[in-house]
Amino acid sequence: MMLSTKRILTGCLLVAGLQAAAQTTSVYDQHEAFAPFFYPAYGDEVRAADGTPGPKYWQNKADYKIDATLNDANHQVSGAVQITYTNNSPQSLPFLWLQLDQNIYNQQSRGVAATAIAGGRWANRNAFDGGYTIKSVTLIQNGKSTNVTYDVIDTRMKISLPQAVKSNGGSTQIKITYEYTVPEYGTDRTGRLQTKNGWIYEIAQWFPRLCVYDNVQGWNTLPYLGQGEFYLEYGDVTYNITVPANHIVVGSGELLNPQEVLTAEQQKRWAAARNSDKTVMLRSAEEVTNPVSRPTGKSLTWKFKCTNTRDVAWASSTSFVWDAARINLPGGKKSLAMSAYPAEVAQDSAWGRSTEYVKGAIEFYSDYLYPYTYPMAVNVAGIVGGMEYPGIVFCSARAKRGGLWGVTSHEFGHNWFPMIVGSNERKFPWMDEGFNTFINTLAEKKFNNGEYAGNRAMNARNFVMPFFGPNSESISTIPDVTNPANLGTIAYRKPGFGLQLLRENVLGEARFDSAFRYYVHQWAFKHPTPYDFFHCIENNAGETLDWFWRGWYLNNWKIDQSVDDVAYVQNDPAQGSIITISNLDKMPMPVIAEITEENGKTARIKLPVEIWQHGATWKFAYKSTSKLKKVVIDPDNTLPDVNNKNNTWPQGS
């Protein structure tokens with residue numbers, strides 16, 4: 001999901017006020033910063049102490065077979081989903097919990113009740129009254145279907161089973177038939193946009209899905225209120241979408257029957273795109289209104305399969321211009337980048353380059369972290385501003401130039417966090433939004449030799465007020481509790497900036513990149529907790545970082561380093577200088593000091609964070625040959641120091 005930076009950067013104008021209220025005496029306590037008891041529990045055979053899945057790690061599996069129909073006359077999706085649920089846990093399960101996210105659009109939902117009068121991005125707009133109509137819920141045993149007891153509680157469903165699902169590999173099959181009306185504005189995650197050539201439907205959260213059952217909480221059943229995102233089990237999804245024949249459908253995973261739903265010419269172009277690094281038009285803007293660009297008939301069924309996935313989504317429209325190009329992956333593997341957008345924006349310099357953006361982003365993330373795992377990667381222009389699903393993303397049809405690059409790179413970055421590394425977005429959005437924001441900055445520097453470099457650069461001085469101002473919150477605040485005005489900071493920028501600090505100020509690029517890749521590979525298609533991440537980075541990098549996790553991620557501690565004084569050994573600069581620095585606020589960090597002598601000599605001194613284990617003040621020796629002209633700590637402004645006026649000696653120089 002993508003958020004605007006405008007509100008955050010506007011707050012940066014208030015930095016001077018924050019500096020005026022900065023500490024003059026230290027509130028730092030080394031006993032608190034470096035307290036030994038950080039981790040809540042030691043490792044076990046499920047989650048090892050080194051941050052990796054243990055030898056007895058388990059997670060359950062949910063496979064789905066779905067047949068759905070889109071009625072574009074009444075904007076309704078109707079479907080039947082058959083779920084095969086495998087219980088790999090050591091406990092038998094007498095009931096199942098499922099997510100019914102469409103129920104947020106019911107006017108009686110908790111999400112509607114918990115929305116402020118002023119509304120907002122995640123509000124149910126225009127008093128739309130929707131939600132699922134559940135027609136039947138049956139248990140399938142030995143080829144026979146029997147009704148089962150179920151309760152719908154807001155955005156969740158509890159299915160009571162006549163017999164518990166056995167532990168350690170037992171399974172059960174459930175079939176649910178349902179229908180719902182697609183909202184025009186689906187809390188910026190799903191919806192429909194009217195164009196001159198027809199509606200664009202962006203369909204997500206469109207079938208009942210299993211809640212995660214894990215060894216951390218058991219059933220994860222937080223109600224869906226809109227601002228928080230998702231936590232889902234992995235499995236294989238086969239889905240068939242029946243639409244009017246003049247529609248084009250794009251979706252997660254692999255299109256299984258292109259020969260049935262594409263014209264002969266489109267099949268040739270499809271084959272050409274698979275072997276082309278340049279974008280190939282599958283259907284041009286000029287062809288959108290030409291009946292020859294679609295097979296004849298009343299309806300067509302598009303068949304898709306997505307394996308080892310936590311979700312699937314799709315889009316359908318009569319209005320799509322459609323193009324594609326090859327994605328080159330590590331090890332010689334290939335995937336297919338494609339974009340679907342209305343003719344109104346087909347000549348726009350942004351959407352005309354969309355597939356280039358998809359290809360560039362995915363190739364970078366695949367090289368940096370882990371190879372992209374889906375056979376296709378689809379960017380859809382529609383009403384949704386920016387939202388991610390496995391192998392498909394929804395980006396605003398109004399996005400322009402670098403804005404479209406930014407949202408495309410961000411949403412496809414989510415295919416690593418949380419599509420590959422399946423963290424719990426409902427509680428810990430910083431583990432997907434923050435990590436993704438960090439890798440987006442790296443992709444931006446790389447794409448087309450830095451064409452958009454600087455669009456998303458995380459400059460420390462820009463974020464002092466959002467990170468530490470009077471209305472700031474801790475990164476560990478769950479989404480539904482977070483002030484919506486702060487979500488962009490505490491879920492995206494501050495946790496992303498934390499990784500930048502680790503990479504540039506604490507570990508160095510090589511050690512950080514190694515540890516970060518290690519985390520991704522260890523937890524690919526699994527469910528890590530924050531402490532699994534912390535342990536994983538520490539063990540690979542060989543550093544104890546509890547001081548950093550405690551201050552930056554679990555608390556909202558400020559950084560305020562200062563240069564206090566300069567003295568000379570026996571009052572003779574030629575014999576050396578003694579420089580005094582302080583840590584005035586609660587967050588310790590390593591120190592970089594740039595020293596300039598009157599004779600023109602300059603040098604940089606790097607001091608580890610361990611200097612602050614001795615207290616709030618530290619003196620260090622510098623082998624000067626003349627008087628010191630200036631001492632500056634954090635000379636490159638890489639730290640969001642709340643008072644950079646005391647970073648220089650003498651002050652005002």
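Predicted model only: the values in this text are computed from it and were never measured. Note: hydrogens, waters and symmetry copies are ignored here, and every other heavy atom, side chains too, is used.
Scanning for side-chain contact (heavy atoms from CB on, under 4.5 Å) contacts around K298 gives an empty result, with sequence neighbours left out.
The only member of F438, F467, F435, W430 that meets ring-ring contact (aromatic ring centres under 6.0 Å, His included) when paired with F497 is F467. Remark: of the listed residues V182, I241, T181, V182 is the sole one forming a side-chain contact (heavy atoms from CB on, under 4.5 Å) with V77.
A donor-acceptor pair under 3.5 Å is formed between the side chain of E388 and the backbone N or O of M1. At least one donor-acceptor pair under 3.5 Å links the side chain of E538 to the backbone N or O of L545. Side-chain atoms of S276 do not come within 3.5 Å of backbone N or O of A272 as any donor-acceptor pair. In this structure, the side chain of W302 does not engage the main chain of V250 through any donor-acceptor pair within 3.5 Å. Judged purely by atom type and a 3.5 angstrom limit, N440 uses its side chain to pair as donor or acceptor with the backbone of N436. Listed for the N379 side chain is no donor-acceptor partner under 3.5 Å among the backbone atoms of S339. Under a 3.5 Å cut-off, the side chain of E229 and the backbone N or O of R426 do not form any donor-acceptor pair. In this structure, the side chain of Y185 engages the main chain of R121 through a donor-acceptor pair within 3.5 Å. A distance-only check finds no donor-acceptor pair linking the side chain of R503 to the backbone of D513 [under 3.5 Å]. Under the 3.5 Å distance criterion, the side-chain polar atoms of N290 are left unmatched by any main-chain donor or acceptor of E286.
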>> Please determine whether side chain to side chain contact (heavy atoms under 4.5 Å, CB included) holds for the pair I439 and L369, giving the CA-CA distance in whole Å, both sets of side-chain angles, and the decisive distance to 0.1 Å.
In response: CA-CA 9 Å; I439 64 173; L369 289 174; 4.0 Å; yes
> Does the ring-ring contact (aromatic ring centres under 6.0 Å, His included) test come out yes or no for F512 and Y518, once each step is laid out?
Replying inline: CA-CA 10 Å; F512 174 85; Y518 178 72; over 10 Å; no
> Given the rule in the ring-ring contact (aromatic ring centres under 6.0 Å, His included) test, do W314 and W206 qualify, once you have shown the distances and angles that lead to the verdict?
Replying inline: CA-CA 9 Å; W314 50 280; W206 59 285; 5.7 Å; yes
>> Could you go through W523 and F533, starting from their C-alpha distance and side-chain angles, then the distance that decides it, and tell me whether this counts as ring-ring contact (aromatic ring centres under 6.0 Å, His included)?
In response: CA-CA 9 Å; W523 287 98; F533 168 68; over 10 Å; no
> After noting the C-alpha distance and the side-chain angles of R189 and E202, does the key distance pass the salt bridge (charged side-chain N to carboxylate O under 4.0 Å, His left out) rule?
Replying inline: CA-CA 8 Å; R189 304 188 191 281; E202 295 174 307; over 6 Å; no
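In this structure, Y224 and F230 have tilted ring planes: the angle between them lies in the 30° to 60° band. Ring-plane geometry between Y357 and Y452 is classed as perpendicular, the angle between the planes exceeding 60 degrees on a 0 to 90 degree scale with a lower cut at 30. Between F534 and Y553, the ring planes are tilted. Angles from 30° to 60° get that label. Relative ring orientation between F394 and Y389 is described as tilted, the plane-to-plane angle lying within the 30° to 60° band. Between H75 and Y201, the ring planes lie tilted relative to each other; the angle falls in the 30° to 60° range.
Counting only heavy atoms from C-beta outward, the side chains of P530 and M431 approach each other to under 4.5 Å. Between K427 and N424 there is a side-chain heavy-atom pair separated by less than 4.5 Å. Residues I420 and T373 meet the side-chain proximity criterion, which asks for heavy atoms closer than 4.5 Å. In this structure, the side chains of I383 and I200 stay at 4.5 Å or more apart for every pair of heavy atoms.
The distance between the ring centers of F320 and Y341 does not fall below 6.0 angstrom. A distance below 6.0 Å separates the ring centres of H410 and Y492. Aromatic rings from Y64 and F304 are positioned such that their centres are separated by 6.0 Å or more. Checked against the 6.0 Å centroid criterion, the rings of W405 and F447 qualify as a close aromatic pair.
The minimum heavy-atom distance between P53 and Q522, with the atom names listed, is CG-O, 3.4 Å. Smallest separation of non-hydrogen atoms from F463 and R493: CE2-CD, 3.5 Å. Taking every heavy atom of both residues into account, K334 and R326 meet most closely at CD-CD, 3.8 Å. Contact detail for L210 and A62: the closest heavy-atom pair is CB-CB, 4.2 Å. Considering every non-hydrogen atom in both V321 and A346, the closest pair reads CG2-CB, 4.1 Å.
Between E543 and R511, at least one side-chain nitrogen of the basic residue sits less than 4.0 Å from a carboxylate oxygen of the acidic one, meeting the salt-bridge criterion. Salt bridge E451/R353: present, at least one basic N to carboxylate O contact under 4.0 Å.
A distance of 11.5 Å separates CG in N540 from NE2 in H521, rounded to the nearest 0.5 Å. To the nearest 0.5 Å, atoms CD (E444) and OG (S409) are separated by 7.0 Å. A distance of 10.0 Å separates CD of E233 from OG1 of T86, quoted to the nearest 0.5 Å. Taken to the nearest 0.5 Å, the CG atom of L232 stands 8.5 Å off from the SG atom of C211. Here the CG atom belonging to D532 is positioned 11.5 Å from the CD1 atom belonging to I537, to the nearest 0.5 angstrom.
In K268, the NZ atom is not crowded: 12 or fewer heavy atoms of neighbouring residues, nucleotides or ligands sit closer than 6.0 Å. Few gaps surround NZ on K61; more than 12 heavy atoms of other groups in view lie less than 6.0 Å from it. Around NZ of K446, the count of heavy atoms belonging to other residues, nucleotides or ligands within 6.0 Å does not exceed 12.
No donor-acceptor contact under 3.5 angstrom links the side chains of N240 and T301, judged on distance only. Looking at N60 and N88, their side chains never bring a donor and an acceptor atom within 3.5 Å of each other. Using modelled atom types and a 3.5 Å distance limit, the side chains of D323 and T279 yield no donor-acceptor pair.
Because its NZ or CZ atom is both nearer than 6.0 Å to the ring centre of W199 and within 45° of the ring axis, R192 counts as a cation-pi partner of that residue. A cation-pi arrangement is present between K494 and W552, with the terminal nitrogen or guanidinium carbon under 6.0 Å from the aromatic centre and inside a 45° cone about the axis.
Every pair passing salt bridge (charged side-chain N to carboxylate O under 4.0 Å, His left out) that includes a residue from residues 358-378 is listed here, sequence neighbours excluded: D277-K359, K359-E363. Pairs of residues two or more places apart, or lying in two chains, that qualify as salt bridge (charged side-chain N to carboxylate O under 4.0 Å, His left out) and include a residue from residues 303-322 are R209-D311, R310-E425.
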